[in-house]
Amino acid sequence: MTTHWILGPGAIGRLLAHSLSPIAVTTLIGRRALPEQQALSTPEGEQKVQPLSILTVAQLTSETHEPPAFVHITTKAMAAEAALAGITGSISPSTPLVLWQNGFLAQPRITQAWPGPVLCATTTEGAYLTGDDGVVHAGRGHTFVGDLNNRHSALSDELAQTLTQAGLAATKVDDIRQRLWQKLAVNAAINPLVALNGVRNGKLRADPYAQRVEAVVKEVAAVMQAEGIQSPNGEQDNGMIGEQAWLALVWQVVENTANNKASMLQDVEAKRPTERGAILGPLIESAQRHGLACEVLRGLDDELAEMEASYLGTLRH
Ligand code: KPL
């Protein structure tokens with residue numbers, strides 16, 4: 001059996017641990033201790049309780065372990081590098097990493113810095129935590145796996161097969177960069193606006209938000225074009241191009257997730273740092289690099305920074 005370490009016991013981390021445990025030697029690693037008995041509620045409403053091997057970073061670093069075949073990093077985007085730094089003394093630098101973050105911040109940085117293979121995963125599996133000992137697998141989705149430089153096709157394939165065998169349908173792809181940016185584009189159009197206004201996704205369809213969505217998508221579409229990222233449903237049989245295609249995609253996701261509290265709204269409500277740096281950050285940086293307008297994106301980032309500062313007690317820079 002292969003050995004998987006999962007760094008970050010959030011919803012996706014725990015869903016992975018539950019799914020992989022029956023077929024692989026799996027260890028879930030976090031900053032604080034969690035109960036060994038962990039519950040999973042399946043999309044079909046079944047309740048499963050199983051013991052998971054859970055270690056704190058301190059326990060991990062004080063003992064010797066069988067070297068992992070894969071280290072999954074399932075923290076929030078801005079915590080990924082620090083989480084990796086916390087365990088580098090315990091793994092070989094050739095260990096394959098799997099990055100599960102939103103946005104496009106951790107992925108290029110860790111790919112550049114880590115000597116071993118760095119795979120990226122983007123998933124539509126839906127999951128949320130119900131406390132220290134429970135996770136709800138709310139909806140089945142699909143996971144795409146690949147690496148930014150297309151150098152680890154066989155390893156991506158191996159991981160996709162393992163995930164599929166574990167019940168999380170997955171496919172190896174050679175365009176993971178495109179897919180990460182596509183998800184980022186949709187997240188940028190939805191997450192900041194719902195987080196700032198404290199509304200569920202569906203509210204964006206009406207005044208006063210719909211116009212703001214269009215203004216965000218206008219800037220996002222220009223950045224996507226400059227980055228060579230195609231809209232997933234653009235320029236096909238519907239004849240839509242660029243901005244129109246991105247807008248159609250965003251409205252489609254808003255419709256499909258109308259009742260959702262987006263992840264950034266959940267972060268704000270729980271007074272946690274948001275993923276603005278990983279979602280708006282790369283867009284603003286790219287717009288500036290390409291000489292494109294980004295006033296709307298920068299405005300959202302500033303408003304979010306202000307809001308975070310109000311509950312985190314940090315000073316604006
Ligand atoms: O992925 C999402 C998120 O919540 O982060 C969206 C697409 C906005 C759905 O809620």
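When a ligand or atom number is given, it counts from 1 through the structure's own listing order. The structure displayed is predicted, hence computed values, not measured ones.
The shortest N/O to N/O separation between N191 and ligand 1 falls below 3.5 Å.
Looking only at heavy atoms of the protein, atom 9 (C) of ligand 1 is closest to N201 ND2, 3.5 Å. Among all protein heavy atoms, the one lying closest to atom 8 (C) of ligand 1 is I190 CG2, 3.7 Å. When hydrogens are left out, the protein atom nearest atom 3 (C) of ligand 1 is S263 OG, 3.4 Å; that is the closest non-hydrogen contact.
Close contacts between ligand 1 and V253 involve ligand atoms 7 (C) [criterion: under 4.0 Å to a heavy atom]. Each of the atoms 1 (O), 2 (C), 3 (C), 5 (O), 6 (C), 7 (C), 8 (C) of ligand 1 lies under 4.0 Å from some heavy atom of N187.
By the 30° and 60° cut-offs, the orientation of the rings of W5 relative to H65 is perpendicular. Ring planes of F104 and W181: tilted class, angle from 30 to 60°.
Looking at R179 and D175, a side-chain N of the basic residue comes within less than 4.0 Å of a carboxylate O on the acidic one, giving a salt bridge. The pair K218-E214 does not meet the salt-bridge criterion, since no charged nitrogen lies less than 4.0 angstrom from a carboxylate oxygen. Between R212 and E303 there is a salt bridge, with a side-chain nitrogen of the basic residue lying less than 4.0 Å from a carboxylate oxygen of the acidic one.
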